[in-house]
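Please read these numbers as outputs of a predicted model, since none were measured by experiment. Quick note: residue numbers are just sequence positions, from 1.
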Amino acid sequence: MNENLAALVPETALCAAAVIGLLTGAWLPRRRQWTVAVLAAAACVTGLTATGITMATGREQTVFSHSFAVDAATDVGRLTVLGALLLIIAMSVETVRGHRRETEYWVLLLLTGAGTLALTGASDLLMLFAAYLLAGIPAYALAAFAKDAPGTEAALKYYLMGALLGTTMLAGTALLYAAGHATLYRALHATLPHAAYGLVGVGLIGVLAGLLFKAGAVPAHFWVPDVTDGAPTPVAAYVTTVPKIGGLIGGYRLLHEALPGSDVNWPLLLAVIAAVTMTLGNLAAFFQTSVKRLLAYSAIGQVGYLLMALAVTTRTDLAQKSLLFYIAAYAVTNLGVFAVVTELPHARTLDDYRGLARRHPGLAAVLVVCLLGLVGTPPTGVFLGKLEIFSAAVDGGFTWLAALAVVNTVASLFYYLRWLAPLFATTAPAPAEAQTVLGRWAAGTAYTSGTVSLALGIAGGALLPLTTGPLLR
C-alpha cells in the first residue's frame, strides 16, 4: 500500500491551515484576525508550489489503496482550485475585514477548498462521496455568512438541495457497489461491464446527480441563482466557480476510469443534459437586470459547454485537455467579473454601471475583457477552451451538440452586451454613489484576473500540453 503523505501536500496544507487558523483566531483580537487570511494564502501558495514540483518531476502515483490519484487531471485541478482560492481570498479582504467571524470565514473557505481538491483526485466511490461532503457543508455556512434574510434563504436552499442530492449520490454509490462488488474505480472497470444493465444505469444516475449539483447543471441547478444573489459577493464568486472544478473533474475521472466498457449509454445522457443546461442558462440570462443573477445563469450556461467534454470522455483523446483548459480559463475569467462586482458593492443592476468607463476606466476594461471572454472572444482563454471543447464534441460524434453550442454562444453575446453597452453611456450616467469603490484588494484581483485570462488565450498553445497525460487508477 502506498501511503505517501507527500503526495497530498496541497490538501494537507489547506486542512492544517484551517485547524491552525481556527485555534489561532480564537485567541486573536478582532483587529488582528487578518493573520488567518495570511495563513490561508500561505497554504494556497504551498499547495501551488508542491503541485508545480509534482508536474516538473512527473511523480504521478496513486495513494492509500489507489483511492486517490495524483496525475495530470489532479495537478491541473489543484492549480485551478488553489489559484481561484487565492483570488477569492484577495477579493474578500475588504468584505470581511474586522468582522466578528472573520476567522471562521477563512477556515470555511479552506475546508471547502480542501474538499474540492479531494473531488478532483478521488478514484474510489466512497472517497468521492466524502469529498462531496467536505466540499459542501462548509459552503452552506459560507452562503449564510452575512446572516441577513437573503443569505439565510440562500443557505437554506443550498443546504436542502445539497442534502437531497447527496442522499441520492450515496444511494447511487450503494447501487454501483451492489453491481460491481467494489468501490475502487480500477475494480469497477473490470466488473461493471458484466453487471446488470439497470442496476448500473440507476446507480450511475444517482452518483452523477451529486456531481451535477456541484457543477450547477440541469436539473440540479435551482439553487444557483438564489445562492449567487443572496450570498456575499466573494462567496457568490466561489460557488459559481470552484465547485464546478471538483464536480466536473470528479465526474470525468469516474466515467473514464470506471465505466468505459459499460453498455449504459451515458454519453447520450450527458449530451442531452449539456444541451438543456446551456440553452436554459443562456435563455434565462436574457431577462436579468440584476448583475449577480445574470452571472448565475451565465454560470449555468457555461456548465453546459463544459459537460460536452464529459459526454465524449471515452470517445476522443481531446476530451481531457479541452475540459481541463476550459475549466481553468473559465475560473479566472468568471472571478474577474465577480471581482469588479465586489469592488462596486452598490452597483446591483445593469443600469448602475452606466458611465463606468468615464469614472473607473480600469474596471470597465476588466469587464470588457472578462465578459467578452465568457462569450469566447479571442484572444481570451475561454475562446481557446471553447474551440478545443467544440472540436472534442465533433471528434466524439456529437456534431449536433457542437452546432447547438455555437448557436448558444452567439445568443449569449446579447445579454453580455446588455451589460457592456451602459459602461460607455455618455448620457444619464448612474449616480456617483452607485459606483463607489470598495478598496484596492478587490480592484487588484480584477486586474490580475483580466490579465491572466488574456495570458491564457495568448499562451494557450504552450500550456495545453500540461493538461494531457494518462489518468491513473
Side-chain angles (χ1 to χ4, degrees), residues 119 128-129 132-133 135-136 139-140 143 153-176 198 200-230 236 239-241 243-252 254-255 259 264-288 293-313 323 330 393 398 400-401 404-405 408 411-412:
L119 278 171
L128 187 71
F129 182 69
Y132 172 93
L133 294 178
Y140 307 148
E153 180 183 354
L156 183 61
K157 290 180 178 179
Y158 199 11
Y159 164 73
L160 290 175
M161 287 290 294
L164 171 63
L165 293 168
T167 304
T168 305
M169 185 179 182
L170 185 59
T173 299
L175 291 176
L176 287 180
V200 176
V202 176
L204 177 60
I205 290 173
V207 174
L208 286 178
L211 297 176
L212 292 176
F213 163 76
K214 285 293 178 195
V218 173
H221 68 287
F222 295 103
W223 62 273
V224 179
D226 292 323
V227 173
T228 305
D229 195 33
V239 299
T240 58
T241 306
K244 287 179 173 54
I245 304 168
L248 291 167
I249 296 179
Y252 178 85
L254 170 68
L255 298 170
L259 288 133
V264 177
N265 193 4
W266 52 263
L268 180 59
L269 171 65
L270 285 168
V272 171
I273 293 175
V276 175
T277 299
M278 69 176 74
T279 304
L280 184 146
N282 287 320
L283 287 178
F286 282 174
F287 309 104
Q288 303 304 317
R293 294 188 77 88
L294 185 149
L295 287 172
Y297 284 109
S298 166
I300 294 171
Q302 296 289 337
V303 174
Y305 304 131
L306 288 160
L307 283 173
M308 294 167 63
L310 269 66
V312 296
T313 296
L323 173 67
Y330 166 73
F398 285 120
W400 64 269
L401 183 58
L404 179 63
N408 271 280
S412 69

Looking only at non-hydrogen atoms, find the nearest pair between [X] and [Y] and report the distance.
X    : Y    : result
R293 : D226 : NH1-OD1, 3.4 Å
T168 : A209 : CG2-CB, 4.0 Å
G216 : W223 : CA-CZ2, 4.1 Å
L165 : A220 : CD1-CB, 3.5 Å
L175 : G203 : CB-CA, 3.7 Å
W266 : L310 : CZ3-O, 3.5 Å

Indicate yes or no: at least one non-hydrogen side-chain atom of [X] is less than 4.5 angstrom from one of [Y].
X    : Y    : value
V218 : T279 : no
L248 : L307 : yes
L269 : L204 : no
M169 : F213 : no
L208 : I273 : no

Do L270 and L255 pass the side-chain contact (heavy atoms from CB on, under 4.5 Å) test, and can you show the C-alpha distance, the side-chain angles, and the key distance before you say yes or no? CA-CA 11 Å; L270 285 168; L255 298 170; 3.4 Å; yes
Steps toward side-chain contact (heavy atoms from CB on, under 4.5 Å) verdict (M278, L401): CA-CA 10 Å; M278 69 176 74; L401 183 58; 4.1 Å; yes
Working to the nearest 0.5 angstrom, can you tell me the gap between [X] [atom1] and [Y] [atom2]?
X    : Y    : atom1 : atom2 : answer
T240 : Y330 : OG1   : OH    : 5.0 Å
L294 : F286 : CG    : CZ    : 10.5 Å
I249 : L254 : CD1   : CG    : 13.5 Å
S412 : Q302 : OG    : CD    : 7.5 Å

Has Y132 got a side-chain atom pairing as donor or acceptor with G162's backbone, closer than 3.5 angstrom? yes
side-chain hydrogen bond (donor to acceptor under 3.5 Å, both in side chains) involving Y305 - partner list, sequence neighbours excluded: N282
With T241, which residues qualify under side-chain hydrogen bond (donor to acceptor under 3.5 Å, both in side chains), at least two apart?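 Testing T241 for side-chain hydrogen bond (donor to acceptor under 3.5 Å, both in side chains), a comparison that skips the adjacent residues, returns N334.
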Please indicate whether Y159 has more than 12 foreign heavy atoms, meaning atoms of other residues, nucleotides or ligands, lying under 6.0 Å from its OH.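 Not buried by this count: 12 neighbours or fewer within 6.0 Å.
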For V207, run the side-chain contact (heavy atoms from CB on, under 4.5 Å) check against L176, L259, L212 and tell me which one passes. L176
If a pair satisfies side chain to side chain donor-acceptor pair (under 3.5 Å) and one of its residues is in residues 211-222, list it, with sequence neighbours excluded. none
